[in-house]
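Report on the structure given below.
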Protein chains: 2
Amino acid sequence: MSHTLESVCRTLHEKEYKVTPQRQVILKAFLDNADRHLSAEELYNLVKEKHPEIGLATVYRTLDLLAELEILQKMNFDDGRSRYEFADKELHHHHHLICVKCGKVTEFEDDLLESLEAQIARKSGFEIMDHQLKFYGYCDKCR
Amino acid sequence: MSHTLESVCRTLHEKEYKVTPQRQVILKAFLDNADRHLSAEELYNLVKEKHPEIGLATVYRTLDLLAELEILQKMNFDDGRSRYEFADKELHHHHHLICVKCGKVTEFEDDLLESLEAQIARKSGFEIMDHQLKFYGYCDKCR
DNA sequence: TTTCATGCAAAGGTTTTGCATACGC
DNA sequence: GCGTATGCAAAACCTTTGCATGAAA
């Protein structure tokens with residue numbers, strides 16, 4: 001079950017945040033490019049096409065807010081800027097495959113880390129809440 | 001087999017980079033704190049104590065060089081700055097445990113991702129060269 | 001009407017760069 | 001002596017913030 005404009009607006013409403021046109025426009029642009037791991041500036045550039053009045057700071061603030069509400073997750077793919085994706089808490093974790101040649105980020109939809117997590121918790125005394133696994137290599141097209 | 005001042009200087013020499021006093025001082029400070037995942041500025045502050053003449057830009061340039069030579073690896077622990085650790089290519093990979101409360105980064109010295117890597121390569125067509133796995137949670141002291 | 005959100009510009013923090021000087025080899 | 005490395009300061013880059021204005025509820 002994925003996010004929709006309506007479901008996110010409902011969440012904003014429940015948490016007593018205002019459902020402004022800017023937030024809706026930004027969210028819609030993000031939803032329309034859900035697979036692209038957009039950065040703030042990329043999203044700003046998309047939004048600007050139809051809504052040049054919206055400021056970059058508003059995009060940053062909206063992304064911050066959605067991340068705080070755990071609707072989005074802030075990610076780092078080592079390209080010097082933060083990128084975002086939907087945080088589907090119910091879904092299994094997925095991993096990221098980062099092409100070191102073209103920079104494309106794709107997802108791999110199996111988790112398979114349970115036994116490793118259990119082992120680490122047992123051996124290290126660390127209480128694990130979350131993880132993030134990135135693979136670097138060459139995508140189909142680049143190798 | 002880990003890195004030493006001598007081995008790294010030898011590599012610099014072989015690759016026809018100059019073995020300057022600044023590079024040696026910076027490298028020594030890094031070696032003396034090999035477990036701390038120092039950032040450029042932290043390293044600069046250490047170095048400055050005894051060598052106030054060394055500039056921050058030189059620290060950045062030295063870290064860049066050592067990363068390019070694959071002596072160091074640039075890491076990102078989501079605290080807004082790059083951190084570095086030795087890249088021991090021969091050694092097993094290790095994973096990072098990041099405490100979300102105190103920020104401490106510790107290492108877990110088993111890899112155990114071979115079968116997952118094989119599976120991903122098979123299913124996705126991605127040629128995996130490297131990976132990075134971070135666990136977020138609470139360390140011994142913080143929970 | 002009250003409170004929160006926005007837009008703009010300025011400031012912040014990290015990293016990079018230009019350039020004259022210094023120095024390893 | 002040649003060519004790279006350094007130090008300094010300025011610039012570049014991404015992100016956050018202050019503040020007056022505007023709009024949601």
* Calculate the interatomic distance between A/Asp79 atom CG and D/dC14 atom P; express it in whole Å. => 9 Å

* **Atom pair distance, as rounded to whole Å: CG in A/Leu27 and C1' in C/dT6** => 17 Å

* **Rounded distance (Å) that lies between atom P of C/dA5 and atom CD1 of A/Ile26** => 13 Å

* Structure fact -> Output for pair (B/His94 NE2, B/Gln132 CD), nearest 0.5 Å, gives 9.0 Å

* **B/S/- contact track for nucleotides 3-13 of chain D, protein heavy atom under 4.0 Å** => BBSBBB-----

* Taking the side chain from A/Arg143 and the backbone from B/Gly125, do they hold a donor-acceptor pair closer than 3.5 Å? -> yes

* Asked: Donor-acceptor pair, A/Lys18 side chain versus A/Arg23 backbone, under 3.5 Å?
  -> no

* Asked: When hydrophobic residues are tied together by side-chain contacts of less than 4.5 Å, even through go-betweens, does A/Leu65 share a cluster with A/Met75?
  -> no

* **Whole-Å gap separating C1' (C/dC25) and NZ (B/Lys15)** => 19 Å

* Does A/Tyr60 place a side-chain N or O at less than 4.0 Å from the phosphate oxygens OP1/OP2 of D/dT15? -> yes

* Asked: Only one of B/Phe86, B/Tyr84, B/Phe30, B/Phe77 forms a ring-ring contact (aromatic ring centres under 6.0 Å, His included) with B/His37, so which one is it?
  -> B/Phe77

* Atom OH of A/Tyr44 to atom C1' of D/dT16: distance rounded to whole Å? -> 16 Å

* Structure fact -> Angle separating the five-pair end axes of the helix from C/dT1-D/dA25 to C/dC25-D/dG1, nearest 10°, is 40°

* Asked: Any idea how B/His95 and B/Phe108 line up, ring-wise: parallel (<30°), tilted (30 to 60°), or perpendicular (>60°)?
  -> parallel

* Rounded to the Å, how far apart are B/Asn76 CG and D/dC14 P? -> 15 Å

* **Short side-chain N/O contact to D/dC14 OP1/OP2 from A/Ser82, under 4.0 Å** => no

* **Donor-acceptor pair, side chain of B/Ser124 and main chain of B/Ile120, under 3.5 angstrom** => yes

* Distance in angstrom units between A/Glu41 CD and D/dT16 C1', rounded -> 15 Å

* Just wondering, more than 12 heavy atoms not from A/Lys48 lying within 6.0 Å of its NZ? -> yes

* Asked: Between A/Leu46 and A/Val105, is there a shared hydrophobic cluster once you connect ILVMFWY residues whose side-chain heavy atoms come closer than 4.5 Å?
  -> no

* Touch check for A/Ser39, heavy atoms < 4.0 angstrom, all strands: base, sugar-phosphate only, or nothing? -> nothing

* Figure out the CG/P separation between A/Asp78 and C/dT14, and round it to whole Å. => 18 Å

